[in-house]
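Have a look at the structure below, then the notes.
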Amino acid sequence: MQNPDRSDAPAFGVYIHWPFCLSKCPYCDFNSHVRHTAIDEARFTRAFAAEIAATAARVPRRTVSTIFFGGGTPSLMQPATVGAIIDAVARHWPIAPDAEVTLEANPTSVEARRFHGFRLAGVNRVSLGVQALDDGALKALGRLHSAQEALEAVAIARSIFERYSFDLIYARPGQTPQAWAGELKRATAEAGEHLSLYQLTIEQDTPFAALHAAGKLIPPGDDTARALYDTTQSVCASAGLPAYEISNHARPGAECRHNLIYWRGHEYAGIGRVPMDGSTSPASATPRQPRRSRRIGSCGWKRSVMAWLPTRRSHASKWRTSFC
């Protein structure tokens, strides 16, 4: 594992959580939700701005090094919404001239058509949720795009952004190290400077957990999972993309700076429906956990949005009592 610039100079990040997706992937236990009606983005923008203002009032005199739009699926937002949120950050904290501004995106043709707008809004890095380069695997993972559509979205990102990354999930049921090596070599040929590679884990209360409990979904055993991990390290290192933490690989100097804020224990402001425990753990099985980051948040989100969130008992109700 490479040792990226170990500077401990203070860095400050802002994480913006957009909680909506087109569909819920069967492996996902993130705080994300499907709405079948239009999202009132203007009201969400006002709620984000209110929480940013409240957080900055408590934690002034910070210079923003990174902004990360995560989710959920932030690329479902209109570019104007993204720009308005960046503007709200800039009203309360100065943003460094070289700040990294990342937005997570689905690699669908519809969302890829928004990439120019996101770039004009201030985004300078995208992270695409490709997840697999095999149509059968994508269908099994519940993804809505094809492998070809994903590669086309990667090409569009490459043409618009100087920095881009994409995710793949491995240790899928039935996957062999040989098959993974071939898929990963194809991925490294498409990657620019960064790849995020996650072993599939069975998370509690997900459809995959139910299938696993019923014996209908069998992930690779420990020995195969280790062989798949070793294959990951070998193929990526050979492609000039060594690991800089357990699941992320980059060319030296091209690490995701927002990710490094978590791993180095620097401060970040979590805006929106994000965990309140103050820590960020990129992987549950990492041999080296990041130092505890100081998550700065406020109760402004609860006060701002509770009045117009759905009141019926639903999946979304799980988090409504978890804030403040």
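Judged by distance alone, the side chain of Glu255 and the main-chain N or O of Gly253 form a donor-acceptor pair under 3.5 Å. A donor-acceptor distance shorter than 3.5 angstrom exists from the side chain of Gln199 to the backbone of Ala225, with no hydrogens or angles considered. Listed for the Arg163 side chain is a donor-acceptor partner under 3.5 Å among the backbone atoms of Ala254. Proximity of a side-chain donor or acceptor of Glu152 to a complementary backbone N or O of Glu149 within less than 3.5 Å is not detected. Of the possible polar contacts, one joining the Tyr244 side chain to the Cys256 backbone as a donor-acceptor pair under 3.5 Å is found. A distance-only check finds a donor-acceptor pair linking the side chain of Glu245 to the backbone of Ser247 [under 3.5 Å]. Judged by distance alone, with hydrogens and angles left aside, the side-chain atoms of Arg125 form no donor-acceptor pair with the main-chain N or O of Phe161 at under 3.5 Å. Without hydrogens or angle criteria, Arg158 side chain to Ala153 main chain gives no donor-acceptor distance under 3.5 Å. A donor-acceptor contact shorter than 3.5 Å links the side chain of Lys24 to the backbone of Ser32. Under a 3.5 Å cut-off, the side chain of Glu104 and the backbone N or O of Pro74 do not form any donor-acceptor pair.
The shortest non-hydrogen separation linking Phe30 to Gly71 is CD2-O, 3.8 Å. Minimum heavy-atom separation, Ala140 to Pro26: O-CG, 4.2 Å. A pairwise comparison of heavy atoms in Cys21 and Thr73 identifies SG-OG1, 3.2 Å as the closest pair. Scanning both residues, Ala239 and Arg251, for their nearest heavy atoms gives O-NH1, 3.1 Å. In this structure, Tyr164 and Glu193 approach most closely via the heavy-atom pair O-CG, 4.3 Å. Closest non-hydrogen pair, Pro177 versus Thr231, comes out as CB-OG1, 3.7 Å.
In this structure, Ser127 has no side chain to side chain donor-acceptor pair (under 3.5 Å) partners at least two apart in sequence or on a different chain. Annotation: side chain to side chain contact (heavy atoms under 4.5 Å, CB included) contacts of Ala105 (sequence neighbours excluded): Ser75, Leu103, Phe115, Leu128. Under the side chain to side chain donor-acceptor pair (under 3.5 Å) criterion, Trp18 pairs with no residue, sequence neighbours left out. Arg226 pairs by the side chain to side chain donor-acceptor pair (under 3.5 Å) definition with Asp230, not counting sequence neighbours. With sequence neighbours excluded, no residue forms a ring pair (Phe, Tyr, Trp, His ring centres under 6.0 Å) with His92.
Within the model, atoms CD1 of Ile202 and CG of Leu211 stand 8.5 Å from one another, a figure rounded to the nearest 0.5 Å. One finds the OG1 atom of Thr188 at 11.0 Å from the NE2 atom of His249 (value rounded to the nearest 0.5 Å). Separation of atoms CG (Leu76) and CZ (Arg35) is listed at 13.0 Å; rounding is to 0.5 Å. Note that the OH atom of Tyr198 and the CG atom of Leu195 stand 10.5 Å from one another [nearest 0.5 Å]. Note: His116 NE2 to Arg114 CZ = 14.5 Å, rounded to the nearest 0.5 Å. Rounding to the nearest 0.5 Å places CD1 of Ile86 at 9.0 Å from CD1 of Ile16.
Glu41 places none of its side-chain heavy atoms less than 4.5 Å from the side chain of Arg46. Side-chain contact between Thr55 and Trp93 is present, with heavy atoms from C-beta onward closer than 4.5 Å. Counting only heavy atoms from C-beta outward, the side chains of Val130 and Leu168 approach each other to under 4.5 Å. Looking at heavy atoms from C-beta onward, Leu241 lies out of side-chain contact with His194 at the 4.5 angstrom threshold. Between Tyr15 and Thr66, the closest side-chain pair of non-hydrogen atoms is not below 4.5 Å. Residues Phe69 and Val101 meet the side-chain proximity criterion, which asks for heavy atoms closer than 4.5 Å. Between Thr232 and Tyr170 the shortest side-chain heavy-atom distance falls below 4.5 Å. Residues Val126 and Phe118 fail the side-chain proximity criterion, which asks for heavy atoms closer than 4.5 Å.
Under the 4.5 Å side-chain heavy-atom criterion for grouping Ile, Leu, Val, Met, Phe, Trp and Tyr, Ile52 is connected to Val64 within one hydrophobic cluster. By the criterion of side-chain heavy atoms lying less than 4.5 angstrom apart, applied directly or through intervening Ile, Leu, Val, Met, Phe, Trp or Tyr residues, Ile39 is grouped together with Leu144 in one hydrophobic cluster. Cluster annotation: Leu200 and Ile246 are assigned to distinct hydrophobic clusters (Ile/Leu/Val/Met/Phe/Trp/Tyr, side-chain heavy-atom contacts under 4.5 Å, transitive). Placement of Phe12 and Ile271 within a single hydrophobic cluster is found when ILVMFWY residues are connected by side-chain heavy-atom separations under 4.5 Å, directly or transitively.
Other residues, nucleotides and ligands place no more than 12 heavy atoms under 6.0 Å from the CG atom of Asp223.
Val34 belongs to no hydrophobic cluster with other residues, because no ILVMFWY side-chain heavy atom falls under 4.5 Å from its own, directly or through intermediates.
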>> The test is side chain to side chain donor-acceptor pair (under 3.5 Å); show your working for Asn248 and Ser196 and say whether it passes.
In response: CA-CA 4 Å; Asn248 284 277; Ser196 296; 2.4 Å; yes

>> side chain to side chain contact (heavy atoms under 4.5 Å, CB included), that's the test. Do Leu184 and Cys236 meet it? Break it down for me.
In response: CA-CA 8 Å; Leu184 188 51; Cys236 287; 4.0 Å; yes

> So Phe20 and Phe44, ring-ring contact (aromatic ring centres under 6.0 Å, His included) or not? Walk me through it.
Replying inline: CA-CA 12 Å; Phe20 301 112; Phe44 264 86; 5.3 Å; yes

>> Could you go through Trp180 and Leu197, starting from their C-alpha distance and side-chain angles, then the distance that decides it, and tell me whether this counts as side chain to side chain contact (heavy atoms under 4.5 Å, CB included)?
In response: CA-CA 11 Å; Trp180 172 231; Leu197 306 169; 4.2 Å; yes

>> Let's go through Ile67 and Thr102 carefully: what are the C-alpha distance in whole Å and the side-chain angles of both, what is the deciding distance for side chain to side chain contact (heavy atoms under 4.5 Å, CB included) to 0.1 Å, and is it a yes or a no?
In response: CA-CA 6 Å; Ile67 300 173; Thr102 301; over 6 Å; no

>> Run Tyr268 and Val14 through side chain to side chain contact (heavy atoms under 4.5 Å, CB included) and show every step you take.
In response: CA-CA 5 Å; Tyr268 70 100; Val14 178; over 6 Å; no

> Is there a side chain to side chain donor-acceptor pair (under 3.5 Å) between Tyr262 and His266 once you walk through the steps?
Replying inline: CA-CA 6 Å; Tyr262 300 147; His266 295 308; over 6 Å; no

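Look at Lys185 and Glu190 and you find no salt bridge, because none of the NZ, NE, NH1 or NH2 atoms lies under 4.0 Å from a carboxylate O.
Between the side chains of Asn124 and Glu100, no donor N or O sits under 3.5 Å from an acceptor N or O. Side-chain contact of Thr201 with Glu203: a donor-acceptor pair under 3.5 Å is present, judged by distance alone.
Asn106 pairs with exactly one of Arg143, Gln131, His145 by the side chain to side chain donor-acceptor pair (under 3.5 Å) rule, that one being Arg143.
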